[in-house]
Amino acid sequence: MNFSNSIIQWYLKHKRDLPWRDTLDPYKIWLSEIILQQTRVEQGLPYYLKFTDAFPTITDLANASEDIVLKHWQGLGYYSRARNLHHSAQTVRDRFQGRFPSSYSEIISLKGVGEYTAAAIASFSYNLPHAVVDGNVIRVISRVFGVLDPVDSMFGLGEVKSIAARELDLERPALHNQAIMEFGALQCVPVNPNCRDCPLSGVCYAKKMEVVKEIPLKSKKTAVKNLFLYYAVVKYKNGLFVKRRDSEGIWKGLYDFPVLESETPILEEQVLSFFNKEYALSNQAVLTDISPAYRHLLSHRKIEARFFRFEVNNIPSFSLDKANWFSVDKILEKGVPRLIERYFEAINLYK
DNA sequence: AACGCGGGGCT
DNA sequence: AGCCCAGCGTT
């Protein structure tokens, strides 16, 4: 019994029932793959259901505004996925007459679709013989076949890709690809895999050499930097002044407030001075209070945020103009970072 | 080739 | 606290 047959046998017995496995619709398969990039199935599933409900076809998605798409994506993270999703829906609408492309080269030309996602769509939807290589596949192949080089290096990853292509079942690429990923997600898990009940334990290099804990080998470590956020929350009547984050970087496309960002702490006086300089707040707004620190952890940032709360009695003249004033109802229609969502919960904006 | 980009769950 | 997750785009 070869590798592919083994994992397919295992898959047919253990696979989960997931909605995107019940369809060949490339739109739905593409949508599921974008949602699942760097995201666990349990976390992405409700978003998949929400999106297919709100946008039944790719044209529905293309015709929506980016703000609405980002609102639906709120809380899932990596928001460039949502922006690229929307952009590519418009590409399909405008350049492919609303028909999702069916060749690998056209599929991978879509923004947000890389090698992994293109192989997934091409195989799942059109049964084309492209081997997927994601985190699961890297783990399974490096362990079973004994790839000892770092898999986050060009060389190590190249070895995994070469083995993945070699082992692909050309007669049933869709089934093979589903099987190897599910095997990685449920059986050959990152920590404490249950090798005792594994159908490959007899042929697995890592098991045989007792190096399961060391493979896959990774060399890079993610550096976590501090980020201090000082928000000006300016209240006017039944609303707040908000800003869309339009510059490159964290949370692009989402809404928050005028903010001073820094990698080091800033004194209150300096913060207030910044708000005055940038938004001319002193002449027009009254500082009512300053919130305690909100801590928010991201994979690459340790964030500490404080909210400086102001009130004004008329629309300020300078940077905080009418265009940025949103009633509470309007704010809740926009996508906001989880940090801001939690702030809204804390001040009872949701009620 | 290295880095930025979210959020959550598990150990 | 650290690791990982159905990765991709940019520099």
Side-chain angles (χ1 to χ4, degrees), chain A residues 11 15-16 18-21 28-48 70 73-85 87-88 107-124 130-140 150-158 161 164 174 177-186 188-193 213-214 216-225 227 245 247-254 295-303 335-342:
Chain A
Y11 175 71
K15 68 171 176 168
R16 293 167 289 184
L18 300 172
W20 47 85
R21 287 188 178 147
K28 293 198 171 130
I29 290 169
W30 166 63
L31 173 64
S32 73
E33 291 303 334
I34 302 299
I35 287 175
L36 293 174
Q37 283 169 7
Q38 295 290 282
T39 304
R40 293 166 197 283
V41 165
E42 312 84 70
Q43 190 186 1
L45 182 54
Y47 287 85
Y48 174 82
L70 283 166
W73 201 271
Q74 175 176 308
L76 194 54
Y78 284 149
Y79 297 94
S80 65
R81 291 184 293 172
R83 300 195 308 269
N84 290 335
L85 186 80
H87 178 91
S88 290
I107 293 169
I108 203 173
S109 77
L110 297 173
K111 212 162 187 187
V113 176
E115 276 185 43
Y116 160 74
T117 304
I121 298 169
S123 63
F124 298 157
H130 294 272
V132 293
V133 178
D134 72 331
N136 291 310
V137 174
I138 289 172
R139 189 168 56 255
V140 171
V151 295
D152 52 0
S153 71
M154 283 303 297
F155 187 76
L157 185 60
K161 283 182 182 173
N177 280 339
Q178 289 283 7
I180 189 170
M181 285 198 289
E182 191 79 334
F183 186 79
L186 299 182
C188 195
V189 293
V191 182
N192 296 331
K213 278 210 306 291
E214 335 297 329
L217 179 60
K218 297 193 179 177
S219 50
K220 294 176 195 134
K221 48 208 175 264
T222 49
V224 178
K225 296 204 299 195
L227 179 61
R245 298 180 65 92
S247 50
E248 292 303 322
I250 192 171
W251 298 327
K252 182 180 178 187
L254 300 187
R295 289 175 216 293
H296 188 72
L297 293 177
L298 303 179
S299 349
H300 60 304
R301 289 284 184 277
K302 195 189 305 183
I303 299 176
V336 300
R338 282 288 284 135
L339 168 68
I340 301 299
E341 210 181 338
R342 284 204 258 267

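Just so it is clear, the model here is predicted, and its values are computed rather than measured. Chain letters run A, B, ... following the sequence lines, proteins first, then strands; residues in each count from 1.
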(Q) Both A/Ser32 and A/Ile108 contact DNA chain C. Taking the nearest nucleotide for each, which residue is further toward the 5' end? (A) A/Ser32

Q. Is A/Ile303 close to A/Arg295 at the side-chain level, that is, under 4.5 Å between some pair of heavy atoms?
A. no

Q) Of A/Ile340, A/Leu227, A/Leu339, which is the lone residue that meets side chain to side chain contact (heavy atoms under 4.5 Å, CB included) with A/His296? A) A/Leu339

Q. A/Tyr48 versus A/Lys28: any side-chain heavy-atom pair under 4.5 Å?
A. yes

Q. Would a 4.5 Å heavy-atom cut-off, applied to side chains only, mark A/Ser32 and A/Phe124 as touching?
A. no

Q: Give one of base, sugar-phosphate or nothing for A/Trp20, where a contact means two heavy atoms less than 4.0 Å apart.
A: base

Q | Euclidean distance for P, C/dA6 against B/dC3 (whole angstrom) | A | 24 Å

Q. Should A/Ile180 and A/Asn136 count as side-chain neighbours, where that means a heavy-atom distance under 4.5 Å?
A. no

**Q.** Interatomic distance at C1', C/dC3 relative to B/dG6, whole Å
**A.** 15 Å

Q. For nucleotides 1-11 of chain B, read 5' to 3', which letter fits each nucleotide if B means a protein heavy atom sits under 4.0 Å from the base, S means only the sugar-phosphate is that close, and - means neither?
A. S---BBBBB--

Q) Are A/Tyr79 and A/Trp251 side-chain neighbours, meaning at least one heavy-atom pair lies under 4.5 Å? A) yes

Q: Determine the contact category for A/Ser153: base if any of its heavy atoms lies under 4.0 Å from a base atom, sugar-phosphate if only primed atoms, P, OP1 or OP2 are that close, otherwise nothing.
A: nothing

Q: Name the nucleic acid region contacted by A/Arg83, choosing base, sugar-phosphate or nothing; use a 4.0 angstrom heavy-atom cut-off, strictly under.
A: nothing

Q.
Under 4.0 Å, heavy atoms only, any strand: does A/Val113 hit a base, just the sugar-phosphate, or nothing?
A. sugar-phosphate

Q: On DNA chain C, reading 5' to 3', which nucleotide is the first and which the last to sit with an atom under 4.0 Å from a heavy atom of chain A, could you check?
A: C/dC4 to C/dG9

Q. Any side-chain heavy atom of A/Leu85 sitting closer than 4.5 Å to one from A/Trp73?
A. yes

Indicate every side-chain donor-acceptor pair of residues 111-120 of chain A with a distance under 3.5 Å to a residue at least two apart or in another chain.
| from | atom 1 | to | atom 2 | distance (Å) |
| --- | --- | --- | --- | --- |
| A/Glu115 | OE1 | A/Lys161 | NZ | 3.3 |
| A/Tyr116 | OH | A/Glu33 | OE1 | 2.6 |
| A/Thr117 | OG1 | A/Gln37 | NE2 | 3.0 |

